[in-house]
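Ligands are counted one by one from 1 in listed order, and the atoms in each one are counted from 1 as well.
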Amino acid sequence: MLDEKYYRPAVHFTPPYGWLNDPNGLVYHQGEYHLFYQYHPFSSKWGPMHWGHAISTDLLHWNHHPIALVPDELGTCFSGTAVSDPNNTSGLFDGASNGLLAFYTIAASERQLGHPYTQSQGLAYSSDAGRTWKKYANNPVVPNTSKVDFRDPKVFWYEQGQYWVMLVTEGQSVAIYRSHNAMDWQYCSSFGAEHGAHDERAWECPDLFEMKVENSEESRWILIVGVQRKAYAPGSGSQYFIGHFDGERFINENTPETVLWLDYGRDFYATQTWSDIPEKDGRRLAISWMSNWLYANHTPTESWRSAMSIPHELYLRQSGQGLRLHHAFIRELKSLETQIEGLPAGSYAANSLLCQLYPRSPEILSMKLKPEINTSVLIEPVDGTTLYLETDEQEMMLRCVRQARSWNLEFDQHYPHDYKISLGDIREIDLQILIDQGSIEVLLDQGLYSVTNLAFPESETTDVTVKVMQGVVSLTRGEWQKLHAV
Ligand code: FRU
């Protein structure tokens, strides 16, 4: 195991010290992107939750700001959202149009309340572009007297109805509320009990937004929700639903059994998207916590723990399987590019190397590959964390392997893995791999598949190897793009 400095990412957001989990309160306001996050400043393990805060103008260079929300006599501050209130619907801003509202879960203890319904929704507000926050005097705005799990409010302005909508997970479903003043909330409906993936734990961190279907006049509503233990890859992950929203109800347009995964890796959880991105930009920008509750508290760093994923742009596009979300790394990453090198196109037989690079991370490796049937290509971006692109007569697959070495078994037995993702009956595939200290993020097939995994190397000098293990593969296009640290 290396010193923790080798695991501090170069282009990803990390807390200066202490523990980080979910992204919270993502909002674009007056030219600035805000990133709040679940934060425990007094230890690098999860504990009484605060909202940490950082601001950026390009989603890559982040300035740390003072902690925004701290626990009080009502409880600690779990996940939630922030939104602009330009029309002062809340009346909290003295007629000013630049107010920000934040909704968070007040998590009390059973001892404080004398009953197990400890989670309720609170409101905080800021009149100085998010620099300082006050909690609303009459919290909670959505009380709770019946649900053990009731958390992670996502709030947005529903333009068509001219009111606010709040989503909150309640056990294994999502409750939808509405309000005109962001303080008095009326329950409308619940979605999910019979839809999608479930496990023995509560759903978490919902998000709901409308998206244009690419190259069409149509739009759909996308509902994202976190599954704690039985996501596609073992442990935590996010699923999504595609459908319609009538201002009170979400209607899934797929069958209830359909399960759509937002990412197929083990370290892409609690996904949220930025609110209030200006219409002329129009992007749907998402970020996720790059860890997994199965081992999050034990990853091999000491003074700080956990990073955010690189922000993704999401697209809603027709694929061979129907409408699906597709991902791209944000285009701002281009601005970090220092050098590009081409990889020699051609046909490669068993035992030949497509490339062996000696990088100082971070970098992006992009390839378009055409494997023959019964081919296996090893891609090892970080020692000990390997991807195999495999084909048989029926399909192409990606096998993801994190080796069970003694030191990583020591930090957590759940960390190693070996699982497969079916990429369908295709003959050619493009992939992009973003390699940074501590992680590899892979986008395949024009972003139809996103695979995000932590990757802690064992040695200081790690190379990127792509080698044909079996069969023959054509490299149609290959490129290695170096990035500088932020
Ligand atoms: C998801 C989650 C949320 C909760 C927060 C607590 O990772 O469990 O449901 O609000 O983390 O830190």
Novice: Quick one: which ligand 1 atoms are inside 4.0 Å of a heavy atom on Met49?
Specialist: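 Result: 12 (O).
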
Novice: Could you tell me which atoms of ligand 1, counted from 1 in the order shown, lie closer than 4.0 angstrom to a heavy atom of Tyr269?
Specialist: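 Selected atoms, number and element: 1 (C), 7 (O).
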
Novice: Return a yes/no value for Asp22: is any of its N or O atoms, backbone included, closer than 3.5 angstrom to an N or O of ligand 1?
Specialist: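 The answer is yes, given that Asp22 and ligand 1 share an N or O pair closer than 3.5 Å.
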
Novice: How far is atom 8 (O) of ligand 1 from the closest protein heavy atom, and which atom is that?
Specialist: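 Looking only at protein heavy atoms, the one closest to atom 8 (O) of ligand 1 is Glu204 OE2, 2.7 Å.
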
Novice: With Pro206, which of Val168, Thr81, Leu167, Ile224 fulfils side chain to side chain contact (heavy atoms under 4.5 Å, CB included)?
Specialist: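 Of the listed options, the one satisfying the test is Leu167.
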
Novice: For residues Leu260 and Asn254, determine if any side-chain heavy atom of one lies less than 4.5 Å from a side-chain heavy atom of the other.
Specialist: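 They are in contact (side-chain heavy atoms under 4.5 Å apart), so the answer is yes.
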
Novice: Please work out which of Asp152, Asn24, Asp149 has its closest non-hydrogen atom nearest to atom 10 (O) of ligand 1.
Specialist: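 The residue whose heavy atom sits nearest atom 10 (O) of ligand 1 is Asp152.
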
Novice: Is it true that a side-chain atom of Gln121 and a backbone atom of Phe150 form a donor plus acceptor pair closer than 3.5 Å?
Specialist: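 Yes, because the side chain of Gln121 sits within donor-acceptor range (under 3.5 Å) of the backbone of Phe150.
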
Novice: Any idea which part of Asn21 is under 4.0 Å from ligand 1, heavy-atom wise: side chain, backbone, both or neither?
Specialist: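 For Asn21, the contact with ligand 1 is made by the side chain alone.
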
Novice: Ligand 1 and Gln38, any nitrogen or oxygen pair closer than 3.5 angstrom?
Specialist: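 Yes, since at least one N or O of Gln38 sits under 3.5 Å from an N or O of ligand 1.
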
Novice: Would you call the rings of His327 and His312 parallel, tilted or perpendicular, taking 30° and 60° as the class edges?
Specialist: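 Plane angle over 60°, so perpendicular.
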
Novice: Look at atom CD of Glu32 and say whether more than 12 heavy atoms of other residues, nucleotides or ligands are closer to it than 6.0 Å.
Specialist: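 For Glu32, atom CD is crowded (more than 12 foreign heavy atoms under 6.0 Å).
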
Novice: Can you spot which of Asp207, Leu223, Leu208 makes a side chain to side chain contact (heavy atoms under 4.5 Å, CB included) with Lys154?
Specialist: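 Of all the options given, the one that passes is Asp207.
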
